[in-house]
Colleague: 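Please see the structure below; I have some questions.
Both ligands and their constituent atoms are indexed starting at 1 by order of listing.
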Amino acid sequence: MTYHAIAIDGPAASGKSTMARALAQRLGLVMVNSGAMYRAVTWKILDENIDPKDTAAVIKLLENLDMVCGDDGLFSTISIGGVNPEAFLRRPEINENVSTVSAIPQVRDKLVKMQRDYLQRTHVVMEGRDIGSIVFPDTPFKIYIDADPEVRNQRRSGDGEVDSVEKRDAADSSRATAPLKVADGATVLDTSELNAKQAIEAAIEALKKQGFPILEKAKKKAYQPVEEPHKMMRWIYWLGWLGFGAAYRSLFGLRIVGAEKLIRSGPVLVASNHQSFLDPPLIGNLYQSEMVFFARKTLFKGIGKWLYPQWNAIPIDQEKPDMSSMKTVIRKLKEGWRVLVFPEGARTLDGEIGKAAPGVGLIASKAGVPIQPVRIYGADKALPRGSGRMRLARITVVVGEPIILTAEEFKSYSRKGGYEELTNRIMDAIKEL
Ligand code: DC
């Protein structure tokens, strides 16, 4: 079978990823983020304490690099030396060094080959800098996205990222090998004045004009994310996960928005608003592997005394600040677990988001792990506080972009008032969803 490739190129923060992700979902292809591959190699170089400017050392590392690029049915995945580096790829030190690394011809040779390999087994929409010019020059389906530098800078800082977009563009456009440029036959789309939806419609129009056989949605592969096998669920956790998951989907028409933003492996502090007793298993169902929760101390009685620890619940005393449970959570995160916290502590009384205690800022700052903001809608209607009766209300969970901080940033939050500041930052990210 011949597989199709859609090439999306453009400068940093032009909206390529959003576009490619949406096209993959709409048209039933796999979205491949080629920038993530250059970022992953950069991460490995820095992780090995190699100077990215030391080309000889970088080439040596490449020789034995155990890098595997795959996909989970919808998005590309990367593993380097058995580690999924996803959570680290947008750190400032990666933004700072990735252009140097991606200018090395040997790095490009290796990654371009891996990028072309995708077409052996699936349709792809691949985004990057040289996809239409070098990786798939023969594909008729090419889009070049652009936007004003000012708009792009705003978009990047809106993501909470430290990134010098112009500096990176200058380096990416002026390098000798495969510089960023409009590929022959590409349709140029300026998205400065467009919102995401309009940009995607414009891209679909352009693809139709280029003769793209709009694939049937039905042919789309079921989205089955692959997660770390060593965190396979134990049967007792699985039973709860399955039971609650089935109930949510059938009773409350559970809808998840932004699932592609979930960090699916490695330690993550998941911070959510709190509406009802339904919330912890609701968040647990976003993932295909186990995670850690908090539960009220008073629930650890009778069968609960046995069952809650089986479901990885850590008892917490809601009456007073509970340092021992905080310490347990920080330890769990450091061990690599994903942990759910409700910064507000108690469930909402009126559906609105309440004030947060500074605990979550403290946990995040001490553990130094990525933070994933999540917002729940409708659980307060499905099981209102003070009522034992469930109603058939629709529940929606919205997943936000992860907040990924550097070690220095984490450290800066440990000063006086810092935990509160970080807590507020997390709460604002939840409120925005
Ligand atoms: O798309 P991005 O901003 O995540 O890409 C990160 C860097 O990787 C970018 O500054 C240049 C490099 N890159 C590249 O050289 N060729 C590609 N096809 C994709 C990215």
Colleague: Return the residue, atom name and 0.1 Å-rounded distance of the protein heavy atom closest to atom 13 (N) of ligand 1.
Modeller: Tyr38 CD1, 3.6 Å

Colleague: What protein heavy atom sits nearest atom 18 (N) of ligand 1, and how far off is it?
Modeller: Asp130 OD1, 2.8 Å

Colleague: Would Gln115 count as a contact residue for ligand 1, given that I'm defining contact as a non-hydrogen atom of the residue lying under 4.0 Å from a ligand atom?
Modeller: no

Colleague: Give the numbers and elements of all ligand 1 atoms closer than 4.0 Å to a heavy atom of Ser99.
Modeller: 10 (O)

Colleague: Can you find a non-hydrogen atom of Lys16 under 4.0 Å from ligand 1?
Modeller: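 Checking ligand 1 against Lys16, which is what was asked, there is a heavy-atom contact under 4.0 Å.
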
Colleague: To the nearest 0.1 Å, how far is atom 11 (C) of ligand 1 from its closest protein heavy atom, and which atom is that?
Modeller: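 Protein heavy atom at minimum distance: Asp172 OD2, 3.2 Å.
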
Colleague: Among all protein heavy atoms, pick the one closest to atom 12 (C) of ligand 1 and tell me residue, atom and distance.
Modeller: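 Nearest neighbour among protein heavy atoms for atom 12 (C) of ligand 1, to 0.1 Å: Ser102 OG, 3.5 Å.
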
Colleague: Hey, do the aromatic rings of Trp311 and Tyr237 have their centres closer than 6.0 Å?
Modeller: no

Colleague: Under 4.0 Å between a side-chain nitrogen and a carboxylate oxygen: does that hold for Glu201 and Arg26?
Modeller: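 Yes, charged N to carboxylate O under 4.0 Å.
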
Colleague: Indicate yes or no: does Arg121 engage Asp71 in a salt bridge with an N to O separation below 4.0 Å.
Modeller: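 Counted as a salt bridge, because a side-chain N and a carboxylate O are separated by less than 4.0 Å.
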
Colleague: Considering only the protein, which heavy-atom contact is closest to atom 20 (C) of ligand 1, and what is its distance?
Modeller: Gly35 CA, 3.5 Å

Colleague: Do Arg338 and Tyr287 form a cation-pi contact, if we require the NZ or CZ to be under 6.0 Å from the six-membered ring centre and within 45 degrees of the ring's axis?
Modeller: yes

Colleague: Any atoms of ligand 1 less than 4.0 Å from a non-hydrogen atom of Gly128? List them with their elements.
Modeller: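 Counting atoms of ligand 1 from 1, those under 4.0 Å from Gly128 are 17 (C), 18 (N), 19 (C).
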
Colleague: Does Asp184, at its CG atom, have more than 12 non-hydrogen atoms belonging to other residues, nucleotides or ligands within less than 6.0 Å?
Modeller: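 12 or below, so no.
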
Colleague: Considering residues, nucleotides and ligands other than Lys181, do more than 12 of their heavy atoms fall under 6.0 Å from its NZ?
Modeller: no

Colleague: Using a 4.0 Å cutoff against the non-hydrogen atoms of Ile131, which atoms of ligand 1 qualify?
Modeller: 18 (N)

Colleague: Determine whether the side chain, the backbone, both or neither of Met126 has a heavy atom under 4.0 Å from any heavy atom of ligand 1.
Modeller: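 No part of Met126 comes within reach of ligand 1.
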
Colleague: On the 0 to 90° scale, with breaks at 30° and 60°, tag the Phe212-Phe141 ring pair as parallel, tilted or perpendicular.
Modeller: perpendicular

Colleague: If you apply the rule salt bridge (charged side-chain N to carboxylate O under 4.0 Å, His left out), what do you find for Asp117 with Lys113, and how did you get there?
Modeller: CA-CA 6 Å; Asp117 279 350; Lys113 188 178 172 307; 3.6 Å; yes

Colleague: Arg168 to ligand 1: N or O pair under 3.5 Å?
Modeller: yes

Colleague: Ion pair present between Lys16 and Asp9, side-chain N to carboxylate O less than 4.0 angstrom?
Modeller: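 Not counted as a salt bridge, because no side-chain N and carboxylate O are separated by less than 4.0 Å.
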
Colleague: Can you tell me if Lys44 has over 12 outside heavy atoms packed within less than 6.0 Å of its NZ?
Modeller: yes

Colleague: Do me a favour and list the nearest non-hydrogen protein atom to atom 19 (C) of ligand 1 with residue, atom name and distance?
Modeller: Ser34 OG, 3.3 Å

Colleague: So does Ala7 get a backbone contact from the side chain of Lys142, meaning a donor-acceptor N/O pair under 3.5 Å?
Modeller: no

Colleague: Give the numbers and elements of all ligand 1 atoms closer than 4.0 Å to a heavy atom of Arg175.
Modeller: 14 (C), 15 (O), 16 (N)

Colleague: Counting heavy atoms only, name the option from Glu127, Arg108, Arg129, Arg39 that's nearest to atom 15 (O) of ligand 1.
Modeller: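 Checking each option, the heavy atom nearest atom 15 (O) of ligand 1 is found in Arg108.
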
Colleague: Have a look at ligand 1 and work out which part of Asp9, if any, has a heavy atom under 4.0 Å from it: side chain, backbone, both or neither.
Modeller: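 The answer is neither.
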
Colleague: For Arg156, is at least one N or O under 3.5 Å away from an N or O on ligand 1?
Modeller: no

